[in-house]
Amino acid sequence: MMRRLRMLLAACAVTAATASPSFADKASNSLRWASVSSITAVDPYYNAHREAMIINGQLIWDTLIYRDPVSGEFKPLLAKSWKWLDDVTLQLSLRDDVKFHDGRAFSADDVVYTINYVVAPENKINVPSNVNWMKSAEKIDDHTVKIHLKAPFPPALEYLASLIAILPKDFFGPGGVAGAGGKVVGTGPYRLVKFTPGTSIEVELTGQYFKDSPKGQSTIKSIVYRMIPDQSTQMAELLSGGLDWIWYVPPDQAGRLAATGTAKVVPAETMRISYLAYNTREMAKPNPLRDPRVRQALAHAIDRAKLVEYVISAGSSVVKAPCYRTQFGCRQDVAQYDYDPAKAKKLLAEAGVAPGTTLELVAYRNREWTESLAGYLDAVGIKTNITFLQYAAARERVVNNTAHLFLGDWGSYSINDVSAILNNFFTLGPDDMAQDKDVSGWLKAGAATVDTAVRKTNYDQAVARIAEQLYWFPLWVHPVVYAHAKDLEFQSFPDENPRFFLSRWK
């Protein structure tokens, strides 16, 4: 496939001079895009694919709250305002001027129906963790609802702003069939025109979207998604004018694609970070990583900047803290460990670690990244026995306490709250290789209240201690490469949510 792709790109480079932006679907004011996911259901709750759950979902449906991707500010969308009555009760005042695509008026009944349906275990939505923090929704009047939580859940607004699309009452008809008789309607700027399961989705601008929505007023008339499993075919269609937008372009092909001059290629960062996790627990044999000097030595041995520049690729950057910088509670002024191989060797000698000592390194994401990392450790005298596995098997090695080092990564489900990453790995659970009771206590305290001051105090302490003790050595941000027609205005955001409703043709 790689040889065929190189030949394709070479041929396109020859003809680039005759190619023109007129190939793009600007003339019909349409946007055609593709990805690898075969979407079998169009609603946002029986999907695991971002292409349906979020991207198309936010075109057809609205959420109660909108998170401005630039400022990070929460803004009213279907809800005009909201307030916490206590740590487990959120009250929202709803708009009274919104209609669904079929003309039905939006009201509290739709919110209550949606939430109570998706939280019910018997309805078995595809990603229950997106909603199972809610207990129920209650109608106060036609335009006021209360959402009752099972326990305090500080990132509630994040979830409501990104993952909880509001459907019309009785949307799921008999047998749980989406669309209540075949009609799939929402309140979003686009209406569904055609859905071919596994193949394509077409949406069309309604022209009747409420004027003061924080989503703005979209201008592209129609947006068509196609499933194309082969990335070389996607790139070929982009160059020939059959597509206007693609993503996850292989980094080693991004430069060739850009060189054709036909498409705009944009490497961008995501919220997914890689980290090297140190096992500080007692193991079957003496564990040298229980000595903080050894953990520091391994950190000083790794040149993250060079790895980012030459291995990880454009769009990446070095990570300072064990979380993504925009997440609430992710302080950046924490202990840093610069590349210093001489210092690394000195620390290892002080700790009594003999040259040639072997550590078990488990990884699952990328062999080149893993081997590059191991090369730096080898240069200071630490041998690594690399075991490259699928994620589930790699995690099992962590849980079973048979790995010294774990090269992992986490995207936090694009949730801008530090609890979406650290609470998964540092609260004394099976994935916690540090087992630090203080860190666990601070993280649990931060997750037990919606008081931002209390949360920040606890997260500040937790993040600082994780960095100081080097339970994790944060490495780099994962990049994603977008490519699109040169006449298309498109802005990427780290949450990997392409907001096509903000795009337009120049």
Side-chain angles (χ1 to χ4, degrees), residues 44-45 57-58 61-69 71-100 104-121 123 125 127-172 186-188 210-215 328-329 413 415-417 419-420 423 445-456 458:
Y45 291 106
Q58 68 192 353
W61 291 281
D62 287 317
T63 49
L64 292 165
I65 300 167
Y66 180 73
R67 188 183 191 277
D68 188 304
S71 68
E73 178 186 0
F74 290 113
K75 296 181 177 180
L77 188 50
L78 289 178
K80 296 189 298 183
S81 62
W82 55 88
K83 62 181 179 180
W84 288 100
L85 301 182
D86 53 50
D87 277 357
V88 293
T89 311
L90 181 66
Q91 182 166 298
L92 303 100
S93 175
L94 308 176
R95 295 184 69 109
D96 59 5
D97 59 348
V98 175
K99 294 185 182 298
F100 286 95
R104 282 183 284 173
F106 161 74
S107 74
D109 291 329
D110 305 300
V111 178
V112 170
Y113 167 78
T114 299
I115 292 176
N116 287 342
Y117 187 95
V118 300
V119 302
N123 291 327
I125 72 164
V127 188
S129 61
N130 288 343
V131 301
N132 63 13
W133 49 275
M134 296 182 288
K135 181 168 63 175
S136 64
E138 173 190 3
K139 177 180 177 180
I140 305 305
D141 58 41
D142 284 348
H143 298 101
T144 308
V145 296
K146 286 182 182 178
I147 297 177
H148 300 282
L149 280 59
K150 294 178 179 177
F153 189 69
L157 298 186
E158 285 278 348
Y159 280 70
L160 290 173
S162 59
L163 298 170
I164 314 299
I166 301 303
L167 311 172
K169 183 182 178 183
D170 300 323
F171 177 85
F172 295 103
T187 62
F210 52 98
K211 301 302 180 184
D212 57 345
S213 168
K215 287 184 175 181
F328 176 86
Y413 305 102
I415 297 298
N416 271 284
D417 192 279
S419 63
N423 285 55
T449 178
V450 295
D451 187 316
T452 55
V454 173
R455 299 189 72 224
K456 188 175 186 307
N458 281 283

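The basis for the numbers below is simple: all heavy atoms, side chains too, and nothing from hydrogens, waters or symmetry mates.
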Practice prompt. Go through Tyr45 and Leu167 one step at a time and tell me if the side chain to side chain contact (heavy atoms under 4.5 Å, CB included) criterion holds.
Written response: CA-CA 10 Å; Tyr45 291 106; Leu167 311 172; 3.9 Å; yes
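- Annotation for Leu77 and Pro214: closest pair CD1-CD, 3.6 Å, computed over non-hydrogen atoms.
- Annotation: Lys456, atom NZ; neighbour count of heavy atoms from other residues, nucleotides and ligands within 6.0 Å does not exceed 12.
- Between Lys80 and Leu94 the shortest heavy-atom distance is CE-O, 3.4 Å.
- In plain terms, the two heavy atoms of Ala447 and Asn423 that are nearest each other are CB-ND2, 3.6 Å.
- We find the CD1-CD1 distance between Ile115 and Ile166 to be 5.0 Å, quoted to the nearest 0.5 Å.
- Residue pairs meeting the side chain to side chain donor-acceptor pair (under 3.5 Å) criterion with at least one partner in residues 149-167, sequence neighbours excluded, are Arg67-Glu158.
- Exactly one residue among Leu92, Ile164, Leu157, Thr114 makes a side chain to side chain contact (heavy atoms under 4.5 Å, CB included) with Leu64. That residue is Leu92.
- Between Gln91 and Lys146, the shortest heavy-atom contact is OE1-CE, 3.2 Å.
- Lys83 NZ to Thr89 OG1: the interatomic distance, rounded to the nearest 0.5 Å, is 12.0 Å.
- Minimum interatomic distance between Val118 and Val131 (heavy atoms only, all atoms of both residues): O-CG2, 3.4 Å.
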Worksheet item: Could you walk me through whether Lys135 and Val119 pass the side chain to side chain contact (heavy atoms under 4.5 Å, CB included) check?
Response: CA-CA 7 Å; Lys135 181 168 63 175; Val119 302; over 6 Å; no
Item to complete: Could you walk me through whether Arg104 and Asp170 pass the salt bridge (charged side-chain N to carboxylate O under 4.0 Å, His left out) test, one step at a time?
Response: CA-CA 12 Å; Arg104 282 183 284 173; Asp170 300 323; over 6 Å; no
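- Within a 6.0 Å radius of OH in Tyr413, no more than 12 heavy atoms belonging to other residues, nucleotides or ligands are found.
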Practice prompt. Evaluate side chain to side chain contact (heavy atoms under 4.5 Å, CB included) for Leu160 paired with Ile147, printing each intermediate quantity in order.
Written response: CA-CA 11 Å; Leu160 290 173; Ile147 297 177; 4.1 Å; yes
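- Phe171 CZ to Trp61 CH2: the interatomic distance, rounded to the nearest 0.5 Å, is 5.0 Å.
- Rounded to the nearest 0.5 angstrom, Lys99 NZ and Thr187 OG1 are separated by 12.5 Å.
- Going from atom OH of Tyr66 over to atom CD of Gln58 covers 8.0 Å, rounded to the nearest 0.5 Å.
- In this structure, the separation between CH2 on Trp84 and CG on Leu90 is 5.0 Å, given to the nearest 0.5 Å.
- Ile415 and Ala420 get closest at one heavy-atom pair: CB-CB, 3.8 Å.
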Practice prompt. Could you go through the side chain to side chain contact (heavy atoms under 4.5 Å, CB included) check for Ser107 and Lys169 one step at a time?
Written response: CA-CA 9 Å; Ser107 74; Lys169 183 182 178 183; over 6 Å; no
